[in-house]
Amino acid sequence: MPHIDFLGEQRDRLGECPLWDERSQSLYWIDSKRCLVHRLTPTSGDRRNWLLPSEIGSIALCESGRLLVAMESDIGFLDVEQAAGEVAFKHLASVVHPETRMRLNDGRVDRAGRFLVGSLKLAPATPVGALYQVMHSGEINTLDRGIRVSNTLGLSPDGRKLYYADSLSHQIMVYEYNPVTGQATNKQVFADTSDLGSGPDGAAVDAEGCLWVALVMKAQLARFTPDGKLDRLVDLPTPYPSCVCFGGEALDTLYVTSLSDTGNTIKTDDPRAGRLLAVRGLGIKGLPEARFADQH
């Protein structure tokens with residue numbers, strides 16, 4: 001049985017996108033609604049946060065040591081070495097959304113250092129979102145369209161499979177992904193979470209190539225094998241888990257963010273909601289997070 005701990009008393013409104021930085025041995029994550037980037041260094045207990053000018057969809061590690069931040073429509077770099085209380089943000093690119101009440105959401109760096117990020121339409125959700133690919137030059141390519149709520153981005157260990165979901169469809173899709181060209185083709189259904197009682201939210205791929213997915217409406221994590229079969233369910237002591245990543249010195253701790261008030265469909269006074277969790281004892285290791293190629 002895994003051992004699960006809450007890390008601190010802090011409750012995020014919309015905790016998302018945990019990332020383990022193996023260089024600093026620290027964990028980054030966001031509170032999207034409060035426009036905050038958080039960092040926790042578990043060995044020292046040191047915590048920092050940075051307040052940005054708009055809601056945040058996702059973050060990514062960079063080769064330079066900065067963070068890449070996707071906000072409502074702007075994507076740029078956050079210098080995490082600035083003095084406490086200071087925020088240094090350098091713009092890289094912007095997405096032009098086709099409608100109002102849209103923002104960027106889940107993001108992930110591919111093995112070649114490109115940033116993949118999807119968009120969502122706030123309620124009423126309509127299929128006007130897209131999956132974008134951001135290059136180090138700031139050039140943006142569109143990989144897919146017709147999405148309501150972009151989520152579940154992940155890549156296989158060899159970088160040749162791309163996982164992605166429209167959470168409201170309850171289907172996780174898989175594409176053949178070319179790590180050299182960045183093309184995504186042959187889209188197929190990888191897994192359907194309808195019978196699990198929740199749409200898929202944030203995800204992480206482990207060292208065995210299995211996909212871990214937060215079942216946001218069921219207080220569970222699901223692990224799917226590379227052929228799409230459900231392998232394991234893990235119950236969590238928080239009602240709305242949102243995203244996962246592997247971290248810790250041996251990459252064998254699964255960190256989980258959660259929700260308490262999305263300003264949209266979820267709001268709860270449950271004191272466990274919105275808190276950060278660490279799941280240990282799974283017997284599974286993760287992979288180091290890929291970094292955005294901002295030094296090319």
Side-chain angles (χ1 to χ4, degrees), residues 1-52 56-61 67 69 78 80 84 106-108 154 201-206 212-223 232-262 266-289:
M1 290 290 291
H3 181 75
I4 304 176
D5 295 307
F6 288 108
L7 300 181
E9 300 296 323
Q10 173 182 308
R11 292 181 68 215
D12 293 319
R13 284 188 61 187
L14 206 168
E16 278 281 8
C17 202
L19 291 174
W20 181 258
D21 181 356
E22 77 278 6
R23 293 182 188 172
S24 64
Q25 291 291 294
S26 58
L27 180 75
Y28 289 95
W29 76 100
I30 63 174
D31 184 338
S32 178
K33 296 300 290 186
R34 290 197 177 103
C35 312
L36 288 171
V37 175
H38 296 292
R39 183 177 70 193
L40 167 67
T41 305
T43 53
S44 67
D46 179 66
R47 291 175 180 259
R48 279 197 63 183
N49 60 62
W50 295 264
L51 178 64
L52 291 171
I56 308 166
S58 52
I59 54 176
L61 303 177
L67 286 184
V69 183
L78 174 65
V80 296
D106 197 21
R108 180 74 57 188
D201 206 324
V205 175
D206 65 29
W212 290 81
V213 180
L215 299 177
V216 63
M217 304 306 292
K218 285 293 287 185
Q220 290 180 321
L221 301 178
R223 185 190 195 224
R232 190 186 305 191
L233 287 171
V234 177
D235 294 324
L236 296 173
T238 187
Y240 301 110
S242 56
C243 198
V244 297
C245 80
F246 283 91
E249 186 176 359
L251 293 176
D252 58 356
T253 298
L254 198 60
Y255 292 102
V256 186
T257 52
S258 65
L259 315 177
S260 65
D261 180 5
T262 65
I266 293 172
K267 185 172 183 178
T268 176
D269 292 326
D270 190 319
R272 304 168 301 166
R275 293 173 69 185
L276 179 69
L277 289 80
V279 184
R280 300 180 176 90
L282 290 166
I284 303 292
K285 292 188 177 183
L287 298 164
E289 200 70 39

- Just by modelled atom types, is the Ala203 backbone N or O under 3.5 Å from a matching donor or acceptor in the Arg108 side chain? yes
- Task: Look at the side chain of Thr238 and the backbone N and O of Arg272, then say whether any donor-acceptor pair between them is shorter than 3.5 Å.
- Result: yes
- Test applied, side chain to side chain contact (heavy atoms under 4.5 Å, CB included); reference residue, Leu221; option that passes from Val213, Leu254, Leu215: Leu254
- On the 0 to 90° scale, with breaks at 30° and 60°, tag the Trp212-Phe246 ring pair as parallel, tilted or perpendicular. perpendicular
- Determine yes or no for a side-chain-to-main-chain donor-acceptor pair under 3.5 angstrom, with Ser258 supplying the side chain and Pro241 the backbone. no
- Item | Leu52/Ile30 under side chain to side chain contact (heavy atoms under 4.5 Å, CB included): CA gap, chis, key distance, verdict | CA-CA 11 Å; Leu52 291 171; Ile30 63 174; over 6 Å; no
- Considering only NZ, NE, NH1 and NH2 on the basic side and carboxylate oxygens on the acidic side, decide whether Arg13 and Asp31 come within less than 4.0 Å. no
- Query: Is a donor on one side and an acceptor on the other found under 3.5 Å between the side chain of Ser260 and the backbone of Asp12?
  - Reply: yes
- Message: For a side chain to side chain contact (heavy atoms under 4.5 Å, CB included) check, start with the C-alpha distance between Trp29 and Glu16, then their side-chain angles and the critical distance, and finish with the verdict.
- Response: CA-CA 6 Å; Trp29 76 100; Glu16 278 281 8; over 6 Å; no
- Message: For a 4.5 angstrom cut-off between non-hydrogen side-chain atoms, does Gln10 reach Leu40?
- Response: no
- Passes side chain to side chain contact (heavy atoms under 4.5 Å, CB included), Leu61 versus Arg23? Steps please. CA-CA 10 Å; Leu61 303 177; Arg23 293 182 188 172; over 6 Å; no
- Query: Can you find a pair of side-chain heavy atoms, one from Leu233 and one from Gln220, that are under 4.5 Å apart?
  - Reply: yes
- Task: For Glu249, look at atom CD and say whether over 12 heavy atoms of other residues, nucleotides or ligands are found less than 6.0 Å away.
- Result: no
- Query: Which of these, Leu36, Val69, Ile56, Val37, sits in a side chain to side chain contact (heavy atoms under 4.5 Å, CB included) with Trp50?
  - Reply: Val37
- Say whether, by atom type as modelled, one donor and one acceptor occur between the side chain of Arg223 and the main chain of Asp206 under 3.5 angstrom. no
